[in-house]
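One structure is given here, and the rest of the page talks about it.
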Amino acid sequence: MINVAKTYLPPLDEYIEYLKKIWAANWVTNHGPLVIELEEKLKEYFGVKHLIFTSNGTIAIQIAIKALGLKKDIITTPFSYVATTTSILWENCKPVFVDIDPQTCCIDHTLIEAKITAETEAILATHVYGIPCAVEEIEKVAKKHNLKVVYDAAHAFGTLYKGKSLISYGDISTVSFHATKLFHTIEGGAIITNDDKLAEKIKLYMSFGHLGDDHFSIGINGKNSEFHAAMGLCLLGRVPSFIERRKELFNGYDKGLKQLELLRPSNPVGTVYNYSYYPVVFKDEETLLKIKAALEKHSIFPRRYFYPSLNKLPYINNGNTCSVSESYAKRVMCLPMFYELANDDVIRICEIITTA
Ligand SMILES: *Cc1c(COP(=O)(O)O)cnc(C)c1O
């Protein structure tokens, strides 16, 4: 069986070395030495000032919204994982959907300004598949209208844009370190900002709103454990080889599917890509379903990332039309992409697709 993603587990001995440290310190959670070590190493890796390790990537988005004090309308993308939208709703804000750019599949910055009203407080966009949003144009429009910018950078680990980590853009970026992502800590995520005051607020909010006996605000529990940090420490040094391997697989798919001339999202100029996903856009939903069924017959399980278009979720009341996103959501599928995928599997998957 081949799934769309497969969790990479390090050699058990390496993880056990960290377990020994945890046992020796008898410290399992609440910002222990391994969490601190991971945060320091990730900050250095991304070249950012503050990085706060959280229990997952969804709570990271919710805490970001809370820390920025957002209470009203948030302009957002309809083409992302559902957590992007549900986090907005969970924080009692209103998602205002703006359609996507057909080339990058990220929010179409040219359509943002028309959707801004007196109620608009922020833009929450996703670097979908690790492809950069139009970060400069978004910053420009945000500055002009005094809006905050949050990036759901769950897919962006390792992507560089104009020489900087993609994760360093925006007022806040959030990442997910879920087991299915390029880099993982089993469950986990992080909140990234270069703003000192915001970082202090985030740390407070994720830890019940108090420091010792001093209580400042409401808060939640967004902390992660030493065991999760240990997994991250085992994997961080391997990220370059994860990306390198994905690039080979990516090129293998490109070669094997060339004759079909499939529509594929592409990166803006200035991107050094992380090859985190291999999405293909078929000509219609019928073709997608036919090919998905053919692959499943061979125990190969691609995923419909992302379906449905989030403006069409059953609990969204005024989901305005986003025709590009709705069309892509019906036709797009991510093919298996992970470090341990074999070249022969890529060839086989391409053969099934081209002959289906
Ligand atoms: C995975 C993912 C999330 C959620 O992250 P979790 O760590 O699973 O909570 C949010 N947004 C996007 C775009 C994702 O792919």
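Counting starts at 1 for both ligands and their atoms, following the listed order. Just so it is clear, the structure is predicted and the values come from calculations on it, not from any experiment.
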Point to revise | Separation of N311 CG from T77 OG1 (nearest 0.5 Å) | key: 9.0 Å
Practice item. Could you say whether the N/O atoms of Y81 and ligand 1 ever approach to under 3.5 Å? Key: no
Exercise for review: Using a strict cut-off of less than 4.0 Å between a Lys/Arg side-chain nitrogen and an Asp/Glu carboxylate oxygen, indicate whether K66 and E91 qualify as a salt bridge.
Suggested key: yes
Check your understanding: Hey, does G188 sit under 4.0 Å from ligand 1 if you only count heavy atoms?
Key -> yes
**Study point:** Part of N56 with heavy atoms under 4.0 Å of ligand 1, whether side chain, backbone, both or neither
**Key:** both
Practice item. Would you check the N or O atoms of D152, main chain and side chain alike, for any that come under 3.5 Å of an N or O of ligand 1? Key: yes
Check your understanding: Cut-off 3.5 Å, side chains only: do N343 and E248 have a donor facing an acceptor?
Key -> no
Check your understanding: Between E286 and R331, is there a salt bridge with N-O shorter than 4.0 Å?
Key -> no
**Study point:** With Y278, the ring pair (Phe, Tyr, Trp, His ring centres under 6.0 Å) member among Y273, F338, Y253
**Key:** Y253
**Study point:** Enumerated ligand 1 atoms positioned under 4.0 Å from heavy atoms of A83
**Key:** 10 (C)
Review point. Do ligand 1 and K181 have nitrogen or oxygen atoms that lie under 3.5 Å from each other?
Key: yes
Study note, to complete from the structure: Under 4.0 Å from one or more heavy atoms of A154, ligand 1 contributes atoms 2 (C), 11 (N), 12 (C), 13 (C), 14 (C), 15 (O)
Review point. Going by the atom numbers of ligand 1, which of them fall below 4.0 Å from some non-hydrogen atom of H155?
Key: 13 (C), 14 (C), 15 (O)
Check your understanding: Which atoms of ligand 1 have any heavy atom of S80 under 4.0 Å away?
Key -> 13 (C)
Exercise for review: Check each atom of ligand 1 against the heavy atoms of T58 and keep those under 4.0 Å away; list them by number with element.
Suggested key: 4 (C), 5 (O), 6 (P), 9 (O)
Check your understanding: Counting both backbone and side chain atoms, is some N or O of G57 under 3.5 Å from an N or O of ligand 1?
Key -> yes
Review point. Residues in side chain to side chain donor-acceptor pair (under 3.5 Å) with T354, at least two apart?
Key: none
Check your understanding: Name the one of Y129, F183, F242 that satisfies ring pair (Phe, Tyr, Trp, His ring centres under 6.0 Å) with F157?
Key -> F183
Practice item. Using a strict cut-off of less than 4.0 Å between a Lys/Arg side-chain nitrogen and an Asp/Glu carboxylate oxygen, indicate whether E226 and K21 qualify as a salt bridge. Key: no
